[in-house]
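Here the structure is laid out as structure tokens; the discussion comes afterwards.
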Amino acid sequence: MSVTHRLTAPAPGWTTDTDVVVVGSGVAGLTVALNVRRAGLRAMVVTKAMLDDGSTRWAQGGIAAALGEGDTPEQHLADTLVAGAGLCDGDSVRTLVTEGPDAVRRLIAVGAAFDRGEDGDVLLTREGGHHRNRIAHAGGDATGAEISRALVEAVRRDPDVELIEHALVLDLLTDADGHAAGLTLHVMGEGQRDGVGAVRARAVVLATGGMGQVFSATTNPAVSTGDGVALALRAGAEVTDLEFVQFHPTVLWLGPEAEGQQPLVSEAVRGEGAHLVDADGVRFMLGQHELAELAPRDIVAKAITRRMREHGTDHMYLDGRHFGAEMWQRRFPTILASCRAHGIDPVTEPIPVSPAAHYASGGVRTDTRGRTSVPGLSACGEVACTGVHGANRLASNSLLEGLVFAERIAADLTARHAAGDLPERVVDVEAARAARPVPLPAPEARAEIQRLMSRGTGVLRSAASMSATAEGLALLAEQTRAAVAEEKPADPRVETWEAANLLLVADALVTAAAQREETRGCHWREDFPERDDAHWQRHLITTLTASGGPVSTLEEP
């Protein structure tokens, strides 16, 4: 299978080669790189900003694993399956929960320092959907930052892990057999590798993170523009479950005009006993679910949204005043500083919060070894859909998924290399040239895409709202094609490539969400408010047609 679509871009002006090229520098990408290096394979990490600027370092709550006394992988599995609302892949979840504890221990051996009690044991807390204390954390509420620090230091200590920072990946390269043979990328900077270039490799691993920037308000950093999912779609790969976007219930509300990355107020705050209240101080989660504020995220986000509608407001409150100043400073120093920087003191007042796009449960479809439907292309972390999360990710399973499945990809590549099944690849130049170029939207299309998606395909969805979104996206696409026809195309550059990626993933997401006529997990249809297992307890698989538009197909029962 050859690449059929590619971003409009100049021909590569430079070329380099490696054994395994990893795109992304979060917990998933760096774990792959470190592990394939131990097997003697050359590794190259391509990252969009600096090495530690991805989503991993923003993760506050922690990493879930059955590490505590009395806890078991079976209990972790049960909680994950409940949160996933009938769409988890059982084999993938069992892989996660059984391999997770040792994977965390190996992460500690690399240098990640988790918070410990006086007895020296790793401290564990609870988050939404968990019936046990199994969330390991670091620096109180800076778990992701600590994991990122440890892995970045380990990578920098290895001179044989080659790094390319400030590089936006463009498209996959394949050989004559349709096997991944490298990628094209654009390096933002000056030197021997600047502008568009090509990396030739025996295998390609996507670990590009999420696509939260497709919405106006998100917890994701500015670099999370769905680049990996867009690349995979253009390369002919299957993506699945795109409709299941998790909106974090408690994101710091900064006012009705706030856009872009918003400060997260970790679920661990509720895990330690903070209450969700309305403006009158009423705890509205009581009676909604047996776990109240610690119900799975989709339930909490829906409850907050309903209460906001009832009260005609755009935020609720998270009340942790009973913690006291000492606990806030010790357990949640990052959140405390963030709130105070925006004029809110959680020690003396409730925190205004509202849901915002947080995590893509769907992504590039993989098996339990991280292999996609394109030979030689693997994916792990948020860009991938391993089947672990189903219709709604269980809190703090994301860091664990990135860690466990990154190790599995590295093990798979190592085994293939040892068996002689990872030879050097020759890029099929003619196929690359024949790929259909994707026209580039103007940079300002990004804000319009975000506005359309938040208005019609956010927490609340209906056929009418998503039809309006689809029409708006189609108009943007038509304007882009018209500009090309009039010989006034947008210049190929980072802003227009990102806009093209956002337009594609937005179109794919709306296509899937409009087709799924039920409410399940974090997909909430106002016009189909009930879960419908008889018709919809199956996955939607999205691919691109020959013309470049997304089409979603319901998998066979």
Side-chain angles (χ1 to χ4, degrees), residues 5 7-8 211-218 225-226 229-230 233-234 239-245 247 256-257 259-260 305 309 355-357 360 362 436-486 488-490 495-520 522-529 536 540-554:
H5 305 275
L7 289 172
T8 298
M211 53 188 184
Q213 288 293 326
V214 79
F215 296 96
S216 294
T218 178
T225 50
V229 169
L233 281 168
R234 289 193 298 269
V239 303
T240 191
D241 293 348
L242 285 185
E243 65 271 35
F244 298 115
V245 177
F247 286 75
E257 304 303 319
E259 294 183 344
T305 303
R309 283 175 138 195
R436 184 170 178 170
V438 175
L440 305 177
E444 52 267 26
R446 176 172 181 154
E448 178 64 7
I449 294 165
Q450 293 170 332
R451 183 189 67 79
L452 288 166
M453 292 296 291
S454 291
R455 178 178 296 178
T457 315
V459 177
L460 302 177
R461 300 168 178 176
S462 67
S465 73
M466 289 187 287
S467 176
T469 300
E471 288 175 8
L473 295 175
L475 179 59
L476 283 175
E478 178 55 37
Q479 291 170 344
T480 300
R481 289 191 293 269
V484 173
E486 295 168 7
K488 299 177 181 177
E495 292 80 5
T496 55
W497 288 319
E498 286 186 331
N501 287 337
L502 286 171
L503 184 57
L504 176 54
V505 297
D507 197 5
L509 194 162
V510 174
T511 297
Q515 189 167 340
R516 182 173 288 279
E517 295 181 335
E518 67 161 350
T519 289
R520 181 187 297 271
C522 49
H523 173 65
W524 188 9
R525 289 286 298 260
E526 294 183 279
D527 47 352
F528 293 94
W536 293 106
L540 281 169
I541 301 168
T542 303
T543 54
L544 292 192
T545 63
S547 63
V551 59
S552 293
T553 304
L554 194 62

Q) Knowing that exactly one of Arg234, Gln213, Arg446 qualifies, which makes a side chain to side chain donor-acceptor pair (under 3.5 Å) with Asn501? A) Arg234
Q: Compare every heavy atom of Arg525 with every heavy atom of Ala513, then report the nearest pair and how far apart it is.
A: O-NH1, 3.2 Å
Q.
Measuring only between side-chain heavy atoms, which start at C-beta, is Ser547 closer than 4.5 Å to Arg436?
A. yes
Q.
Going by the rule side chain to side chain donor-acceptor pair (under 3.5 Å), which residues pair with Ser465 if we only count those two or more places apart in sequence or in a different chain?
A. Ser462
Q. When you measure from the side chain of Thr519 to the backbone N and O of Phe528, does any donor-acceptor pair fall under 3.5 Å?
A. yes
Q: Go through Thr511 and Thr542 one step at a time and tell me if the side chain to side chain contact (heavy atoms under 4.5 Å, CB included) criterion holds.
A: CA-CA 9 Å; Thr511 297; Thr542 303; 5.6 Å; no
Q. Can you name the closest pair of heavy atoms from Gly458 and Phe215 and give their distance?
A. CA-CE2, 4.1 Å
Q) Roughly how far, to the nearest 0.5 Å, is the OG1 atom of Thr225 from the CE atom of Met211? A) 11.5 Å
Q. Hey, are the side chains of Val214 and Thr457 touching, using non-hydrogen atoms and a 4.5 Å cut-off?
A. no
Q) What are the two closest heavy atoms between Arg516 and His523, and how far apart are they? A) O-NE2, 2.9 Å
Q.
Quick one, Ile449 with Leu473, criterion side chain to side chain contact (heavy atoms under 4.5 Å, CB included). Give me CA distance, side-chain angles, the key distance, then yes/no.
A. CA-CA 7 Å; Ile449 294 165; Leu473 295 175; 4.3 Å; yes
**Q.** Thr240 side chain to Leu540 backbone, donor-acceptor under 3.5 Å
**A.** yes
**Q.** Nearest heavy-atom neighbours spanning Pro439 and Ala500
**A.** O-CB, 4.5 Å
Q.
If I compare all heavy atoms of Phe244 with all of Cys522, which pair ends up nearest, and what's the gap?
A. C-SG, 3.6 Å
Q: For Val438 and Thr8, work out which heavy atoms get closest and say how close.
A: O-OG1, 2.7 Å
Q | Gap between atom CZ of Arg309 and atom OG1 of Thr305 - 0.5 Å precision | A | 8.0 Å
(Q) Using a 3.5 Å distance criterion without hydrogens, assess whether the side chain of Trp497 forms a donor-acceptor pair with backbone atoms of Leu440. (A) no
Q: Please collect all salt bridge (charged side-chain N to carboxylate O under 4.0 Å, His left out) contacts where either partner lies in residues 454-482, sequence neighbours excluded, each pair once.
A: Glu478-Arg481
Q) Counting distance only, does the side-chain N/O of Thr469 pair as donor-acceptor with the main-chain N or O of Met453 below 3.5 Å? A) no
Q: Report the C-alpha distance between Leu504 and Leu544 in whole Å, list the side-chain angles of each, state the deciding distance to 0.1 Å, and finish with yes or no for side chain to side chain contact (heavy atoms under 4.5 Å, CB included).
A: CA-CA 10 Å; Leu504 176 54; Leu544 292 192; 3.8 Å; yes
Q: Determine, step by step, whether Leu242 and Val505 satisfy the side chain to side chain contact (heavy atoms under 4.5 Å, CB included) criterion, reporting the C-alpha distance in whole Å, the side-chain angles of both residues, the deciding distance to 0.1 Å, and the verdict.
A: CA-CA 9 Å; Leu242 285 185; Val505 297; 5.9 Å; no
Q) Can you name the residues that form a side chain to side chain donor-acceptor pair (under 3.5 Å) with Thr218, not counting sequence neighbours? A) none
Q. Within the distance-only criterion (no hydrogens, no angle test), does the side chain of Ser216 pair as donor or acceptor with the backbone N or O of Ser454 below 3.5 angstrom?
A. no
Q.
Looking at Ser467 and Ala463, would you say the former's side chain and the latter's main chain have a donor-acceptor pair under 3.5 Å?
A. no
